[in-house]
Amino acid sequence: MSSISTHPIHSHLRCKPRGQEMDTKPPADRSYTELNPLVDWVRGRTSDGILIHLPGFKREQVKVQIDNHGTLRTSGERPLDAKQWSRFWKDFQLPDNCKVNDVRAKFEDEMLQVHIPKLVVGGNAALPQPAEAREPQSKEKAANKQEIEDDKSIDEKKAAQPASPKKMTADGGGDRSGGMSSIYMRLGEARKTLLTNVAVAFLVLFVLGLYLKYKFTKAETS
């Protein structure tokens with residue numbers, strides 16, 4: 001295993017001032033084939049890792065640089081024949097919580113590996129949230145808890161109260177029974193009225209018959 005840097009990467013590679021180019025122009029007699037290497041970015045809680053697959057490249061043909069803008073630039077070139085070269089160029093924006101002075105790189109088995117440590121509060125613990133961000137959540141939990149307790153208290157009070165007798169309603173069974181009795185009473189009264197009317201009519205007809213008989217009898221005797 002050959003390492004590009006066993007110390008912080010800035011001690012071996014130049015950190016260009018703002019506004020200057022990182023690399024010099026290539027010789028005019030070279031023609032280049034652009035290589036787009038496979039890149040894997042492995043993200044973690046305490047560090048990130050960049051893996052760049054560079055088949056055919058050697059350690060001395062690869063460069064790693066960081067500028068004042070927080071840009072990590074990886075580049076390299078290797079000869080294919082007398083005038084034909086293969087080259088690559090990849091830029092990466094370092095995270096804001098990156099420990100720039102501890103960034104390290106190594107080249108192994110045709111792969112460039114860049115280790116990017118992060119600033120993490122309390123070792124492996126996650127960064128704490130601001131108090132303003134935690135306060136609404138705490139208030140919301142307290143409100144939900146109070147609402148649950150109030151509902152529970154109301155249910156307990158309802159359970160402790162004695163059951164009140166149910167009133168008979170128009171849709172209840174007792175009221176239906178009363179309604180049927182009322183109907184029967186009305187039917188009985190209607191029947192009595194009908195019978196009375198029939199009796200009165202019969203009596204009137206009977207009296208009228210007697211009167212007519214009396215008239216015929218009187219007429220015959222005269």
Begin from the C-alpha positions of His53 and Asp40 and carry the test side chain to side chain contact (heavy atoms under 4.5 Å, CB included) through to its verdict.
-> CA-CA 9 Å; His53 302 265; Asp40 294 324; 3.3 Å; yes
Neighbour count above 12 (heavy atom, 6.0 Å) for Asp96 CG = no
Distance-only, no hydrogens or angles: does the Gln93 side chain make a donor-acceptor pair with backbone N or O of His69 under 3.5 Å?
->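 Between the backbone of His69 and the side chain of Gln93 there is a qualifying donor-acceptor contact (under 3.5 Å).
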Please answer whether the main-chain N or O of Lys213 pairs with a side-chain N or O of Thr217 as donor and acceptor at a distance below 3.5 Å.
-> yes
Evaluate the ring planes of Trp41 and Phe92, with Trp represented by its six-membered ring, and classify them as parallel (under 30°), tilted (30 to 60°) or perpendicular (over 60°).
->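 The rings of Trp41 and Phe92 stand perpendicular, inter-plane angle above 60°.
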Pairwise side-chain contact, Val62 with Thr74, heavy-atom cut-off 4.5 Å (strictly under) | no
State, to 0.1 Å, how close [X] and [Y] come at their nearest heavy-atom pair, and which atoms those are.
X      : Y      : value
Asp48  : Arg43  : OD1-CA, 3.3 Å
Tyr32  : Gln84  : C-NE2, 3.8 Å
Gln113 : Glu108 : NE2-OE1, 3.6 Å
Pro55  : Glu110 : CA-OE1, 3.4 Å
Ser47  : Pro117 : CB-CA, 3.8 Å

If Ile, Leu, Val, Met, Phe, Trp and Tyr residues are connected whenever their side-chain heavy atoms lie under 4.5 Å apart, and connections chain through other members, are [X] and [Y] in the same group?
X      : Y      : value
Leu72  : Val100 : yes
Met111 : Trp89  : no
Leu94  : Val39  : yes

May I ask you to check whether Phe57 and Phe107 place their ring centers less than 6.0 Å from one another?
-> no
Residues Arg73, Lys90; criterion side chain to side chain contact (heavy atoms under 4.5 Å, CB included); working and verdict | CA-CA 6 Å; Arg73 173 166 295 177; Lys90 287 288 184 182; over 6 Å; no
